[in-house]
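This is a predicted model, so every value here is computed, not measured.
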Amino acid sequence: YIVANQVIEASPWPLNLVSIYRSEPLKDDGTPRNVKLWFRTAYPFNNGGFAHLVNCLTEGPDGMIYINSGSRTDSGERAQYPNWFNGGETEITSSIWQMDPEAETPKIKLFAQGTRNAWSFCWTPENELLAIDNGPQAHAPEELNLIEEGKHYGFPYVFGNLLATDEYHHGLPIPEGLTLTPPIQNFGPDGGGSAENPISSFDPHSSPAGFIYCDDSFPDNLKGSYLIGRVGSM
């Protein structure tokens, strides 16, 4: 599978054209063969520098395809310039999609919503889906979420345990009747949390990126644990 994002001029505003290609089974040397377009969609592109685009794509233990559609905003803000889409998120952004690999003309199923940029997935031995989620420019924790079908993980209304309305003048209040699922709490001793003051889930601006489960092929001191890379603040 190959995911591509392309900004295209369109009316009434520029769009992010999302294309997903896939090949026939790989050649013996690991290179793809006969790559063809499998899926395509588009949504309004962001003009403020926070287009997180569609990125992480993995196959789950159930055989379905899971895809991160990052937010098109930092924190739900409106467009900065005229002649651009003057809204926040769309139905298919800041969400995790599920797609059926058996479908010749696949459709997006919104598996979960309210993720800002969940660009690394990991499945537990119990086949639970975990995802790291990078936070906004505000000094908010970076999240680790247990992703379950149909749930909403807070963006752009809550960042970690901070209300968007407390962090930004354009912050959006939580819609009435919407149930939010909080991130996994970190009780330390590292990553920003402690037993007295847990954090949800890692130090602000640490940018978790890359996430694996250490199975039996790993050394004994790592088996059964998880490794998460953190890029850090730039």
Exercise. Among the clusters formed by ILVMFWY side chains lying less than 4.5 Å apart, do I67 and I108 turn up in the same one?
Worked result: yes

Exercise. What is the minimum heavy-atom distance between R78 and G87, and which atoms define it?
Worked result: NH1-CA, 3.5 Å

Exercise. Can you tell if the side chain of M64 reaches within under 4.5 Å of the side chain of F111, non-hydrogen atoms only?
Worked result: no

Problem set entry | Side chain proximity check, Q6 to S19, heavy atoms < 4.5 angstrom | no

Problem set entry | Distance in Å, L37 CG paired with Y21 OH, rounded so as to fall on 0.5 Å steps | 5.5 Å

Exercise. Judged by atom type as modelled, is there a donor-acceptor pair below 3.5 Å linking the side chain of N68 to the main-chain atoms of N55?
Worked result: no

Problem set entry | S69 side chain to I92 backbone, donor-acceptor under 3.5 Å | yes

Exercise. Using a distance-only test with no angle check, is there a side-chain donor-acceptor pair under 3.5 angstrom linking S207 and N134?
Worked result: yes

Exercise. Does any non-hydrogen side-chain atom of L130 lie less than 4.5 Å from one of L146?
Worked result: yes

Problem set entry | Shared hydrophobic cluster for V35 and V3 (ILVMFWY, side-chain gaps under 4.5 Å) | no

For this session: Could you check if a side-chain atom of D203 sits within less than 4.5 angstrom of a side-chain atom of E142, using non-hydrogen atoms only?
Result: no

Exercise. Is there a donor-acceptor pair under 3.5 Å between the side chain of S120 and the backbone N or O of G210?
Worked result: yes

Exercise. Under a 4.5 Å cut-off applied to non-hydrogen side-chain atoms, are C214 and K223 in contact?
Worked result: no

Exercise. Is the backbone N or O of P101 less than 3.5 Å from a side-chain atom of W38, with the two atoms forming a donor-acceptor pair by type?
Worked result: no

For this session: Report the relative orientation of the aromatic rings in H52 and F50; use parallel for angles under 30°, tilted for 30 to 60°, perpendicular for over 60°.
Result: tilted

Problem set entry | Flag if over 12 foreign heavy atoms under 6.0 Å of CG, D29 | yes

For this session: Report the distance from atom CG of D74 to atom CD of Q137, rounding to the nearest 0.5 Å.
Result: 5.0 Å

Problem set entry | Evaluation steps, side chain to side chain contact (heavy atoms under 4.5 Å, CB included), between I184 and N186 | CA-CA 7 Å; I184 292 172; N186 170 17; over 6 Å; no

Problem set entry | For the student: nearest non-hydrogen atoms of E143 and S200, plus distance | CG-O, 4.0 Å

Exercise. Of all heavy-atom pairs between S75 and E77, which one has the smallest distance, and what is that distance?
Worked result: N-OE1, 2.8 Å

For this session: Determine, step by step, whether T41 and I20 satisfy the side chain to side chain contact (heavy atoms under 4.5 Å, CB included) criterion, reporting the C-alpha distance in whole Å, the side-chain angles of both residues, the deciding distance to 0.1 Å, and the verdict.
Result: CA-CA 9 Å; T41 190; I20 299 178; over 6 Å; no

Exercise. Do Y1 and W119 sit in the same hydrophobic cluster, where Ile, Leu, Val, Met, Phe, Trp and Tyr count as joined when their side-chain heavy atoms come under 4.5 Å apart?
Worked result: no

Exercise. Do D62 and N127 have side-chain heavy atoms sitting under 4.5 Å apart?
Worked result: no

Exercise. Relative to the ring of H205, is the ring of H139 parallel (under 30°), tilted (30 to 60°) or perpendicular (over 60°)?
Worked result: tilted

Exercise. Do other residues, nucleotides or ligands put more than 12 heavy atoms under 6.0 Å from E176 CD?
Worked result: no

Problem set entry | Reported OG-to-NZ distance for the pair S95 and K109, which is rounded to 0.5 angstrom | 13.5 Å

For this session: Hey, could you give me the CD1/SG distance between I228 and C122, rounded to the nearest 0.5 Å?
Result: 8.0 Å

Problem set entry | Stepwise salt bridge (charged side-chain N to carboxylate O under 4.0 Å, His left out) test for K107 and D100 | CA-CA 8 Å; K107 296 181 180 180; D100 184 355; over 6 Å; no

For this session: Please step through side chain to side chain contact (heavy atoms under 4.5 Å, CB included) for the pair D133 and F155, ending with a clear verdict.
Result: CA-CA 10 Å; D133 196 2; F155 184 86; 5.6 Å; no

Problem set entry | Between OG1 on residue T105 and CZ on residue R40, distance to nearest 0.5 Å | 15.0 Å

For this session: Taking atom CD of Q185 as the centre, report whether more than 12 heavy atoms of other residues, nucleotides or ligands fall under 6.0 Å from it.
Result: yes

Problem set entry | Under the salt bridge (Lys or Arg N to Asp or Glu O under 4.0 Å) test, residues paired with R72 that sit two or more places apart | none

Seminar exercise, completed: Taking every heavy atom of A118 against every heavy atom of A131, the minimum-distance pair comes out as CB-CB, 4.0 Å

Problem set entry | Sidechain-backbone polar pair: E89 side chain, T73 backbone, donor-acceptor under 3.5 Å | yes

Exercise. So, do P136 and Y168 sit near enough that their side-chain heavy atoms are less than 4.5 Å apart?
Worked result: yes

For this session: May I ask you to check whether N5 and N16 show a side-chain donor-acceptor distance below 3.5 Å?
Result: yes

Exercise. Under a 4.5 Å side-chain heavy-atom rule over Ile, Leu, Val, Met, Phe, Trp and Tyr, are L15 and V18 clustered together?
Worked result: no

For this session: Could you list all the ring-ring contact (aromatic ring centres under 6.0 Å, His included) pairs where at least one residue sits in residues 72-102, not counting sequence neighbours?
Result: W13-F85

Exercise. Are L110 and I65 joined in one hydrophobic group, where the rule is that I, L, V, M, F, W and Y side chains link up if heavy atoms are under 4.5 Å apart?
Worked result: yes

Exercise. Taking atom CG of N83 as the centre, does the number of heavy atoms from other residues, nucleotides or ligands within less than 6.0 Å exceed 12?
Worked result: no

Problem set entry | Heavy-atom closest pair, residues P156 and A164 | O-CB, 3.2 Å

Problem set entry | Verdict with supporting geometry, L227 and L222, side chain to side chain contact (heavy atoms under 4.5 Å, CB included) | CA-CA 9 Å; L227 294 180; L222 291 176; 4.3 Å; yes

For this session: Kindly compute the distance separating CZ (F39) from CD (E104), expressed to the nearest 0.5 Å.
Result: 14.5 Å

Exercise. Under 3.5 Å, is there a donor-acceptor pair between the side chain of D215 and the main chain of S217?
Worked result: yes

For this session: Could you tell me which non-hydrogen atom of P173 sits nearest to which non-hydrogen atom of T165, and how far apart they are?
Result: N-CG2, 3.7 Å

Problem set entry | L144 side chain reached by F202 side chain, heavy atoms, under 4.5 Å | yes

Exercise. Has the side chain of R33 got a donor or acceptor atom that lies under 3.5 Å from a matching backbone atom of P25?
Worked result: yes

